[in-house]
Amino acid sequence: MGTTLLKKVWDLHTVRQMPTGQTQLFIGLHLVHEVTTPQAFDTLRARGWKVARPDRTFATADHIVPTTVQTRPFLDVMAEDMMASLERNCRDFGIRLAGLGDERQGIVHVIGPELGLTQPGMTIACGDSHTSTHGAFGAVAFGIGTSQVRDVLASQCLALEPVKVRRIRLVGTLPSGVYAKDVILTIIQRLGVRGGTGYAYEYAGDTIERMSMDERMTICNMSIEGGARVGYVNPDDATFEYIKGRPFAPVGEAFERAKTWWRSMASDPGAAYDDEVEIRAEELTPVVTWGVNPGQSIGIDGHVPAPGDPGVERQAVSDALDYMGLRPGQPIAGMKVDVAFIGSCTNGRLSDLREAARIVRGRRVAPHVKALVVPGSASVGRAAEREGLADVFRDAGFEWRNAGCSMCLGMNPDKLEGNQVCAASSNRNFKGRQGSPTGRTLLMSPAMVAAAAVSGEVIDVREIVDR
Ligand code: SF4
């Protein structure tokens with residue numbers, strides 16, 4: 001019987017089985033940022049410990065970074081403290097840092113792949129939930145908390161519960177105007193926000209195989225929102241092509257050797273899975289969330305549910321409708337938006353900006369909408385400026401910002417105000433997620449955000465393109 005990628009990588013990285021039933025895994029790459037690490041480094045310092053493998057640790061600044069004026073010290077004292085701690089900790093513990101002003105700086109899950117740090121068959125950890133993004137390369141990548149960050153810094157190992165594997169096969173051709181974001185929102189809607197508990201999601205099928213690495217990253221990124229521990233795609237030629245020539249990729253003969261090994265890490269054709277799901281691509285439509293978790297979503301032609309609808313959790317639906325200011329049964333199309341945000345580790349890559357710019361070109365942001373584009377990394381920002389995309393956005397009335405997490409979670413000055421409604425290309429629509437305790441988030445693809453920005457309301461992007 002064949003073996004899954006998850007099991008191959010897991011077995012190769014096992015240090016020992018623990019009496020708790022957990023496995024101690026060696027971590028090939030530890031990505032570090034400013035928010036979840038200060039206490040972890042403080043513990044190391046207090047105990048006189050070193051970072052076990054600084055050569056396998058890489059840091060950047062993203063969550064708190066202002067995206068307009070970046071003069072130091074930052075106006076926000078807490079943000080300045082976190083930034084200064086990261087710089088001091090990287091200096092003291094010998095860790096490479098792509099800090100502010102460094103051309104490699106950006107959201108941790110954007111720069112890992114961009115720099116070629118993320119490679120197939122690796123175990124990766126980072127103190128951020130959306131570390132599953134790196135699974136797009138056939139890595140097994142875990143989002144971890146601050147105490148686990150401390151453990152990985154000190155030992156380069158992580159104690160983990162066993163994980164089952166669910167293969168999700170996407171077959172057929174996506175209709176025009178339907179994107180990777182719609183695929184993952186549909187998966188989460190169908191399987192539930194806790195449906196992946198205890199599972200790794202392996203994304204497979206001809207639709208996934210034809211996807212670019214950017215699209216695969218969007219899908220893997222949100223695995224965690226479906227409750228899965230990790231998400232991954234088997235490495236293939238598209239993966240190797242993406243990695244080749246990147247700063248930390250192997251070169252020459254070493255690259256060819258690596259490629260052979262990477263290919264061998266893919267799940268075997270006869271591998272056994274704990275569960276299998278198939279989704280037909282041509283059934284999918286653009287998806288928008290209406291509620292307060294990423295599973296509360298509907299197709300753009302749909303109506304939000306009513307608490308009394310069959311099969312819905314009455315209280316959860318009622319709470320979500322109240323919070324979002326929606327009437328039961330209201331169509332989602334036509335909902336007025338106040339803010340449009342294009343960015344984040346889910347959809348802040350160059351291909352996302354290209355697609356959004358295609359919608360925006362020659363149009364104007366609706367007068368009542370504040371619209372911003374925040375590239376996922378400094379490198380994405382530079383490339384978009386070279387291609388003229390930044391000008392397309394500026395000409396349409398978008399604000400063009402520097403790279404960072406920005407309004408994905410509002411830990412920098414980019415926050416919603418009051419109960420503003422935001423069309424967002426990010427990954428979480430929890431209550432208060434975008435910096436205002438009463439702010440309302442509608443998750444959708446970057447193209448749909450662009451369409452909402454110019455229309456001033458939620459609209460089917462396919463109508464705009466066809467107009
Ligand atoms: S963009 Fe959002 S989800 Fe991604 S790393 Fe930043 S805060 Fe986390």
Side-chain angles (χ1 to χ4, degrees), residues 29-37 58-67 78-79 82-83 86 98 100 105-115 117-118 124-136 141-146 149 180-181 184-185 188 193 214 217-226 228 230-231 289 293-294 339 341-350 352-353 372-381 401-416 422 424-430 432-435 439 441 443-446 449:
L29 173 66
H30 187 196
L31 294 165
V32 164
H33 62 88
E34 74 281 17
V35 173
T36 48
T37 54
F58 194 95
T60 191
D62 50 11
H63 286 61
I64 54 86
V65 168
T67 56
M78 203 186 292
M82 284 190 207
M83 191 68 211
L86 181 71
L100 217 55
Q105 178 265 338
I107 305 174
V108 66
H109 310 311
V110 177
I111 68 154
E114 245 175 32
L115 294 173
L117 288 161
T118 302
I124 298 178
C126 173
D128 182 274
S129 310
H130 298 87
T131 305
S132 53
T133 312
H134 305 265
F142 302 97
I144 57 176
T146 295
V149 170
K181 181 64 156 288
I184 188 61
L185 284 172
I188 297 169
V193 287
D214 284 8
M217 281 189 260
T218 297
I219 289 180
C220 289
N221 173 277
M222 288 189 71
S223 305
I224 187 78
E225 302 303 338
V230 301
T289 60
N293 70 54
V339 178
F341 167 62
I342 297 175
S344 87
C345 59
T346 313
N347 281 125
R349 298 185 177 79
L350 190 58
D352 299 314
L353 305 196
L372 61 160
V373 180
V374 185
S377 69
S379 152
V380 167
R401 300 292 189 83
N402 292 309
C405 295
S406 178
M407 213 179 251
C408 174
L409 85 169
M411 268 189 95
N412 75 345
D414 307 335
K415 300 181 200 301
L416 294 186
C422 180
S425 71
S426 48
N427 46 49
R428 279 195 169 158
N429 52 341
F430 298 169
R433 169 70 175 180
Q434 292 188 277
T441 306
L443 301 177
M444 56 189 85
S445 71
V449 176

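Atoms within a ligand are numbered from 1 in the order they appear, just like the ligands themselves.
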I would like to know whether F142 and T131 meet side-chain contact (heavy atoms from CB on, under 4.5 Å); could you show each step before the answer?
-> CA-CA 6 Å; F142 302 97; T131 305; 5.7 Å; no
Heavy-atom contacts with R433 under 4.0 Å: which atoms of ligand 1 show up? List them by number with element.
->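 Per the distance check, 2 (Fe), 3 (S).
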Please identify which atoms of ligand 1 are closer than 4.0 Å to at least one heavy atom of N427.
-> 3 (S)
Candidate pair T346 and N221, rule side chain to side chain donor-acceptor pair (under 3.5 Å), full reasoning = CA-CA 6 Å; T346 313; N221 173 277; 2.7 Å; yes
Test item: [X] and [Y] side chains (from C-beta on) under 4.5 Å apart, heavy atoms:
X    : Y    : result
I107 : H130 : no
F430 : T441 : no
S426 : L409 : no

Quick one: salt bridge (charged side-chain N to carboxylate O under 4.0 Å, His left out) partners of D414, sequence neighbours excluded?
->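 So D414 forms a salt bridge (charged side-chain N to carboxylate O under 4.0 Å, His left out) with R401.
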Atoms (protein N, O or S; no water) under 2.8 Å from atom 6 (Fe) of ligand 1 = 1
Pair T118-H134, side-chain donor/acceptor within less than 3.5 Å =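 T118 vs H134: donor-acceptor pair found between side chains.
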